[in-house]
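Atom set for the values below is all heavy atoms of this structure, side chains included, hydrogens, waters and symmetry mates excluded.
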Protein chains: 2
Amino acid sequence: MKKHDHTKLLSDVTGQMPADEELAELSELFSVFGDTTRIKILWALFESEMCVCAIAELLKMTQSAISHQLKLLKHAKLVGCRREGKTVYYYLADDHVRRIIDQGMEHISE
Amino acid sequence: MKKHDHTKLLSDVTGQMPADEELAELSELFSVFGDTTRIKILWALFESEMCVCAIAELLKMTQSAISHQLKLLKHAKLVGCRREGKTVYYYLADDHVRRIIDQGMEHISE
DNA sequence: CCTATATATGAATGATTGTTCATATGATAA
DNA sequence: TTATCATATGAACAATCATTCATATATAGG
């Protein structure tokens with residue numbers, strides 16, 4: 001008996017797929033959401049902008065750990081920051097963050 | 001000079017945060033989207049349900065690798081499957097998958 | 001029964017990643 | 001300047017994870 005064939009299906013699907021580079025960017029973005037610490041940071045920023053040491057205190061984690069994660073979040077353009085004297089305040093970059101997290105919450109609460 | 005104080009802010013924010021368990025579930029969900037192979041599989045299933053070997057052929061990866069990833073996707077309830085003789089067809093579980101990926105795409109294309 | 005095809009799975013491995021620790025930079029006040 | 005607070009960063013380590021390989025299960029046909 002012949003092997004399973006799906007050349008027709010494959011050519012259809014291939015045409016619809018974005019470039020590898022774009023898909024890699026997309027999965028990298030979701031990776032940033034894929035960590036409890038970062039999710040907590042984002043959720044905290046829903047309420048208001050916060051300085052690094054406040055976030056560290058809130059999550060009961062070291063300032064260093066938070067700083068490293070904020071760097072990732074900033075690189076992914078999910079947060080922005082502004083300096084005021086010694087302290088640096090971080091805030092949500094835009095509404096996509098809320099919407100993405102909302103959709104995620106909808107999925108797990110079923 | 002005194003140390004920076006933010007007890008007021010912290011109590012406000014703490015009240016709004018979901019339970020740790022829920023946030024862990026959420027980050028686990030996004031972790032599943034945080035891999036190029038799995039994103040490609042989901043995107044392929046946008047078009048139509050597909051059997052394991054068709055997906056493997058499409059992504060030019062081994063059947064084993066795809067099968068392992070499908071297991072993760074199924075566990076996260078992002079895909080479902082049905083058996084028809086020897087072949088098993090996988091399909092998107094619901095519309096949240098599309099919406100989450102759409103929001104992600106919107107964010108990176110700016 | 002035996003063979004072939006399709007899929008699943010456990011163990012091993014190499015790569016990635018989150019946190020810690022030590023330290024560096026930046027900013028303010030005395 | 002010196003001291004202190006706030007933040008950033010590089011290196012190291014432990015833990016997690018995606019793929020491969022070998023093998024097991026499942027279904028169909030002869």
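- Residue contacts for A/Ser31: at a heavy-atom cut-off of 4.0 Å it reaches no nucleic acid atom on any strand shown.
- The side chain of B/Gln69 contributes an N or O atom lying less than 4.0 Å from OP1 or OP2 of D/dT19.
- Figure legend: cation-pi geometry between B/Arg83 and B/Tyr89 absent, as NZ or CZ is not positioned both under 6.0 Å from the six-membered ring centre and within 45° of its axis.
- Remark: C1' of D/dT19 and CG of B/Leu59 are 14 Å apart, rounded to the nearest angstrom.
- Using a 4.0 Å cut-off between charged nitrogen and carboxylate oxygen, B/Glu49 and B/Arg82 count as a salt-bridge pair.
- If you take CD1 of B/Ile39 and P of D/dA18, they are 12 Å apart, rounded to a whole angstrom.
- A salt bridge does not link B/Asp94 to B/Lys77: none of the charged side-chain nitrogens sits closer than 4.0 Å to a carboxylate oxygen.
- Both A/Ala65 and A/Arg83 lie near DNA chain C, and the one whose nearest nucleotide falls closer to the 5' end is A/Ala65.
- The side chain of B/Lys71 places no N or O atom within less than 4.0 Å of a non-bridging phosphate oxygen (OP1 or OP2) of C/dA8.
- The base of D/dT9 lies close enough to the side chain of A/Ser64 for a donor and an acceptor atom to sit less than 3.5 Å apart.
- Rounded to a whole Å, the NE2 atom of B/His6 is 12 Å from the C1' atom of D/dT7.
- Dashed line: the shortest gap from a side-chain N or O of B/Tyr90 to OP1 or OP2 of C/dA8 is under 4.0 Å.
- One interatomic measurement links the two molecules: CD1 of B/Ile66 to C1' of C/dT9, which rounds to 15 Å at whole-angstrom precision.
- Per the geometry, CD belonging to B/Glu49 stands 12 Å off P belonging to C/dT7, to the nearest Å.
- For D/dA18, one of the phosphate oxygens OP1 or OP2 lies less than 4.0 angstrom from a side-chain nitrogen or oxygen of B/Arg38.
- Contacts of A/Tyr89 with the nucleic acid, taken as non-hydrogen atoms under 4.0 Å apart, are absent.
- Using a 4.0 Å cut-off, no side-chain N or O of A/Gln63 falls inside it from OP1 or OP2 of C/dT20.
- Rounded to an integer number of Å, the gap from B/Glu84 CD to C/dT5 C1' is 15 Å.
- Nucleotide C/dA30 holds its C1' atom 12 Å from the NZ atom of A/Lys86, rounded to whole Å.
- Using a 4.0 Å heavy-atom distance criterion, B/Leu72 is classed as a sugar-phosphate-only contact.
- Map A/Asp5 and A/Met61 each onto its nearest nucleotide of DNA chain C; the residue landing nearer the 5' end is A/Asp5.
- Between the side chains of B/His96 and A/Gln103, no donor-acceptor pair is found at a separation under 3.5 Å.
- Residue A/His4 has a polar side-chain atom (N or O) positioned under 4.0 Å from OP1 or OP2 of C/dA6.
- Atom C1' of nucleotide D/dA18 and atom CD1 of B/Ile55 are separated by 17 Å, given to the nearest angstrom.
- Applying the 5.5 angstrom centroid cut-off and the 30 degree plane-angle cut-off, the aromatic ring of B/His68 is stacked upon the base of C/dT9.
- Under 4.0 angstrom from either OP1 or OP2 of C/dT7 there lies no side-chain N or O belonging to B/Ser67.
- When distances run from any side-chain atom of B/Val88 to the nucleotides D/dA6, D/dA18, C/dA8, the shortest one goes to C/dA8.
- If you take CD1 on B/Ile66 and SG on B/Cys51, they are separated by 11.5 Å, rounding to the nearest 0.5 Å.
- Note: B/Phe30 and A/Phe33 have tilted aromatic rings, judged against thresholds of 30 and 60 degrees for the angle between ring planes.
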